[in-house]
There are 2 protein chains.
Amino acid sequence: MSATIRDVAKFCGVSASTVSRVLNGYTDISEETAARVYAAIEKLDFVPNNTARMLSKKNTRLIGLTIPDIKDPFFSENAAGAEKLLQENGYQIFYGNMERSSEKLLSFLQQARQMRFDGLIITPDEWTEELLNTLQRIHIPVVALRRRPPQSSGVPFVDNDHYRGVMEMMTYLSDLGHTKIAHIVLPTGIGEIRREAYRDYCRIRGIEARDVKIDLPANKLDQARENGYRAMQRILADYPDTTAVFAATDQLAIGAMVYLREAGLSVPRDMSVAGANDMEYTSLPWFDLTTLSLNRAEMGRAAAQMLLDIIENRQTHPENLLLGTSIIVRGSTIKK
Amino acid sequence: MSATIRDVAKFCGVSASTVSRVLNGYTDISEETAARVYAAIEKLDFVPNNTARMLSKKNTRLIGLTIPDIKDPFFSENAAGAEKLLQENGYQIFYGNMERSSEKLLSFLQQARQMRFDGLIITPDEWTEELLNTLQRIHIPVVALRRRPPQSSGVPFVDNDHYRGVMEMMTYLSDLGHTKIAHIVLPTGIGEIRREAYRDYCRIRGIEARDVKIDLPANKLDQARENGYRAMQRILADYPDTTAVFAATDQLAIGAMVYLREAGLSVPRDMSVAGANDMEYTSLPWFDLTTLSLNRAEMGRAAAQMLLDIIENRQTHPENLLLGTSIIVRGSTIKK
DNA sequence: GAATTTACCGAAACCGGTTTAGTAAAGGAG
DNA sequence: CTCCTTTACTAAACCGGTTTCGGTAAATTC
């Protein structure tokens, strides 16, 4: 079928090991032989068989990266960040689309084991006992992204510093003069962290905490908006004097804005609205949404860097990393 | 390191070939031996090394799938469609993020060759001579998605029937009573097909063709919107009596709506607007955009099916496939 | 009871690379 | 001239599966 390394060797009268050495850039090869080998490679259209190489070298230079939901552009951006760094280091990313299913994740890990991936970057929706066991058993370096693993698991972790980010956003809203600030809670783990920060902030500043959580499963974009919609409804019912809303994600914020629109209220005149995660389209003039930006590409890059440090033994047990966030101020929030 | 098939063999006193047969479900194995082997596998935590398997079997059951731009949710949806079908058939998808770069595509193909992928589904931004040559040389079955390859290349092709889709959309707008319908052209290959359909429709119906093409490179979402914005501006300048605009993509339509908003015109009262591709967020009440829906998952599935037919020799040279589209009627278009 | 079939399993080659250990020739030092 | 390095290369083992070819023993056929 395809030419092998021995074909190349025979063609230019050297041994297979010599060809291999040429390919791998060893220096104890005369220029002349190297040139002959390259010529033969060209002539025979030889392309080394990577599966064979993976087998004999004991690594694959393959990194598995799970994407919780391929339709959510959030994840694709931090994937892109990771990919860039890994490719610079000669690794290929093998993406796994989880579709929010924990069985898919487990079977991806099984795949990873069979394929002998050199490392994994995962973003599980939840950290089950079974997941932790599987991770233990497959003996592959792993870094967790955006979903904090149990402390005891020893899995290193990269995320944004949501707690601090929320504090900053609340400070920003306070500084605008708002004192009646509601919070729309995201019903996930990250959502709880943000809610906690929100409550802490309220306590410290001595203002009333008005956090509303709608518990509908929010694993689809339109459902997330639906949650924001209902939360806004409840906020207006329970706390009618609210002047600003901080939604835990942009999707929730958009949902809230849909409700405000239906209720005949104008943003930002009647209500300031802020979100988080910086979704692409929220900069459009209809929304012009102030948001907490998470710097997604940087997160992916950081996770990849951490993983490389582990794989290449520069670091056996790295510290968790919480990246800073920044507020993108737009027109949806104004002075009280 | 990890247990091998020979370890398992030794452990339960059989030969490696027997273990292999058990793993591959051969029938000429006594139940008792099979049970012993399974027990040993369990005990030793043996997981077959897929790289070795790929090498000895002559296939990898890996399919390469290129994603032109990971940030664009359009592609991820047809990737998901393809993935589903392929996984059902025991194939894994290896994604390649092209970031709209033709060099990346070429290097992905090189990767594909080295890794001995069993098949490829690609969506190149353009069909260069070099690309066609490379495809020839790597000897991997390939199906093209959404970018029509040159007829002579023999590469089979799956796409929506844009021509017919545009005809249907124009018919829909006509039936609403519009006769002064402008078209915002997408500056790509697909854009040309749509423009052609638009012009043909105008000719047949005897109405004036008002297609406007802004040539700024449109490979980012915000740039696409910028193009729509400027196109709308020109439409209003050149054809002030226009009552409906059909933009070749939703992004262009949104860009147009931004301009209309700034110009103080209301959609749909002053101008009906329609788009294409059914972007997720265009259903929001601010836009409520009528759009030509492309059924993305189905496209991916169809491409995967075609590829499998080629790989498994059911079909050596399949016909190109053009899938139907449908119009999603929303509030941005009304009767004249 | 001999011949043939069938069920079950093993030895060894093979896939296509890499790597180790070692060698012949050339060059340099003493 | 001998000894020691260095340079440039090779033979063969190895990675961990699969596959081919066959062999033995039991079961079946005649």
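Per chain, numbering begins at 1; letters A, B, ... match sequence-line order. The analysis underlying the following values was restricted to heavy atoms, covering all of them including side chains, and did not include hydrogens, waters or symmetry mates.
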Atom [atom1] of [X] and atom [atom2] of [N]: how far apart are they, to the nearest Å?
X        : N      : atom1 : atom2 : result
A:Leu23  : C:dG17 : CG    : P     : 8 Å
B:Lys10  : D:dG17 : NZ    : P     : 13 Å
A:Ile29  : C:dT19 : CD1   : P     : 14 Å
A:Phe11  : C:dG16 : CZ    : C1'   : 19 Å
A:Arg36  : D:dA8  : CZ    : P     : 14 Å
B:Met115 : C:dG16 : CE    : P     : 17 Å
A:Asp28  : C:dA24 : CG    : C1'   : 15 Å
A:Glu31  : D:dT7  : CD    : C1'   : 13 Å

Main-chain N/O of A:Leu323 paired with A:Asp161 side-chain donor or acceptor, under 3.5 Å:
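Such a contact is absent between A:Asp161 side chain and A:Leu323 backbone.
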When you look at B:Arg113 and A:Ser2, which way does the side chain to side chain donor-acceptor pair (under 3.5 Å) test go after all the steps?
CA-CA 10 Å; B:Arg113 180 78 204 284; A:Ser2 212; 2.3 Å; yes
If the plane angle is over 60° it's perpendicular, under 30° parallel, otherwise tilted; pick one for B:Phe94 and B:Phe117.
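Answer is tilted, since the angle falls between 30° and 60°.
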Parallel, tilted or perpendicular: rings of A:Tyr95 and B:Tyr95 (30°, 60°):
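Rings of B:Tyr95 and A:Tyr95: perpendicular, as their planes differ by over 60°.
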Using only heavy-atom distances, decide whether a donor-acceptor pair under 3.5 angstrom links the side-chain of [X] to the base of [N].
X        : N      : value
A:Ser17  : D:dA11 : yes
A:Arg116 : D:dG16 : no
B:Arg6   : D:dG17 : yes

N/O (side chain, [X]) to phosphate O (OP1/OP2, [N]) under 4.0 Å:
X       : N      : value
A:Ser30 : D:dT7  : no
B:Asn24 : D:dT18 : yes
B:Tyr26 : D:dT19 : yes
B:Ser56 : D:dG17 : no

Pairwise 5' ranking along DNA chain C for A:Lys57 and B:Thr27, keeping only the more 5' one
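Looking at DNA chain C, the more 5' nearest nucleotide goes with B:Thr27.
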Judged by each residue's nearest nucleotide on DNA chain C, which is more toward the 5′ side, B:Thr18 or A:Thr18?
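Nearest-nucleotide comparison on DNA chain C picks B:Thr18.
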NA contact type, [X], heavy-atom cut-off 4.0 Å: base, sugar-phosphate, or nothing?
X       : answer
B:Ser20 : base
A:Leu55 : base
B:Asn49 : sugar-phosphate
A:Thr33 : sugar-phosphate

Does a donor on one side chain and an acceptor on the other come within less than 3.5 Å for A:Thr18 and A:Ser15?
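Judged by distance alone, the side chains do pair up.
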Output the single nucleotide from C:dT18, D:dG17, C:dT19 whose closest atom is nearest the side chain of A:Arg21.
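Per side-chain heavy atoms of A:Arg21, the pick is C:dT19.
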Show your reasoning for whether salt bridge (Lys or Arg N to Asp or Glu O under 4.0 Å) applies to A:Asp45 and B:Arg137.
CA-CA 8 Å; A:Asp45 189 26; B:Arg137 289 185 36 202; 2.7 Å; yes
